[in-house]
Amino acid sequence: GNSVTQMEGPVTLSEEAFLTINCTYTATGYPSLFWYVQYPGEGLQLLLKATKADDKGSNKGFEATYRKETTSFHLEKGSVQVSDSAVYFCALIIPPGNQFYFGTGTSLTVIP
Amino acid sequence: ETGVTQSPTHLIKTRGQQVTLRCSSQSGHNTVSWYQQALGQGPQFIFQYYREEENGRGNFPPRFSGLQFPNYSSELNVNALELDDSALYLCASSLDPGQGNSPLHFGNGTRLTVT
């Protein structure tokens, strides 16, 4: 079946630290991959996406590279800020399907 | 551009009751999907509506039903509420049902508590 596995949280980092949140997937077809972010009290927002192998999605200093050989889509940021504190969800969809499969989320807290 | 709006924001119901949640899609979006997010979990796909018809369903029982209206707004109805239905219900709209290149735009959700 289709599924996404994320690293367990919560993750606590100091401001300006390097962030990695691991994400691996299993898919019955060729997936598109996404990272969504959920700030407290809000719905999910698209952070970045990649639709084919070796594509790199990037936004707001975050990056993730679609690695087909390792079925991974790890999220990275070189220097986190307090405002990055949120829950991060890795997700996939198998086009032209209409169902997103989400991981369980990784909570990130950045302390000054 | 108006984003996805959901109502109500919070709701408390008793086991066995019925509930209706509402969603207005983002301007220009003709597809609405509903997700259930239990505490500490990722969203789970309930179903999608496209052109007023159900266009795919996840692993949820028939007591979860929906509607989409000509203006693309949508309702989620849940009958015979159970305690496990307590969750954040998220509505998401998109430009079309084939979503590989058309990401979801989420509302802030409705927090349903069943007692």
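Since the structure is predicted, the reported quantities are computational estimates derived from the model, not experimental observations. In what follows, every chain begins at residue 1, and chains take the letters A, B, ... in the order their sequences are listed.
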Are B:W34 and B:V114 joined in one hydrophobic group, where the rule is that I, L, V, M, F, W and Y side chains link up if heavy atoms are under 4.5 Å apart?
yes

Interface residues of residues 51-65 of chain B facing chain A - heavy atom cut-off under 4.5 Å
B:N55, B:G56

Is A:V37 reachable from A:F73 through a run of hydrophobic residues whose side-chain heavy atoms are each under 4.5 Å from the next?
yes

Count the heavy atoms belonging to other residues, nucleotides or ligands that lie under 6.0 Å from CD1 of A:I111, then report whether that count exceeds 12.
yes

Does CD in A:E69 sit with more than 12 non-hydrogen atoms of other residues, nucleotides or ligands closer than 6.0 Å?
yes

Say whether A:L47 and A:V87 are linked into one hydrophobic cluster, either directly or through other cluster members, by side-chain heavy-atom distances under 4.5 angstrom.
no

Cluster overlap B:L104 with B:L21, hydrophobic side-chain contacts below 4.5 Å
no

Under a 3.5 Å threshold, yes or no: a donor from one side chain and an acceptor from the other, between A:Q38 and B:Q37?
yes

Where does B:Q6 contact chain A at under 4.5 Å (heavy atoms): side chain, backbone, both or neither?
neither

Under 4.5 Å, counting heavy-atom pairs only, tell me which of B:P43, B:A38, B:G40 racks up the most with chain A.
B:P43

So do A:N98 and B:F45 actually touch side chain to side chain, heavy atoms under 4.5 Å?
yes

Sequence neighbours left out, what pairs pass salt bridge (Lys or Arg N to Asp or Glu O under 4.0 Å) with at least one residue falling in residues 6-15 of chain B?
none

Residues of residues 69-93 of chain B near chain A, each having a heavy atom less than 4.5 Å away:
B:L88, B:L90

According to a 4.5 Å side-chain heavy-atom criterion applied to Ile, Leu, Val, Met, Phe, Trp and Tyr, with indirect links allowed, do A:Y88 and A:V4 form part of one hydrophobic cluster?
yes

Can you sort out the partners of A:S79 under side chain to side chain contact (heavy atoms under 4.5 Å, CB included), two or more places apart, ordered by chain and number?
A:E16, A:Q81

Could you check whether any side-chain heavy atom of B:P103 comes within less than 4.5 Å of a side-chain heavy atom of A:Y36, counting everything from C-beta outward?
yes

Does the gap between the ring centers of B:Y35 and A:F102 come in under 6.0 Å?
yes

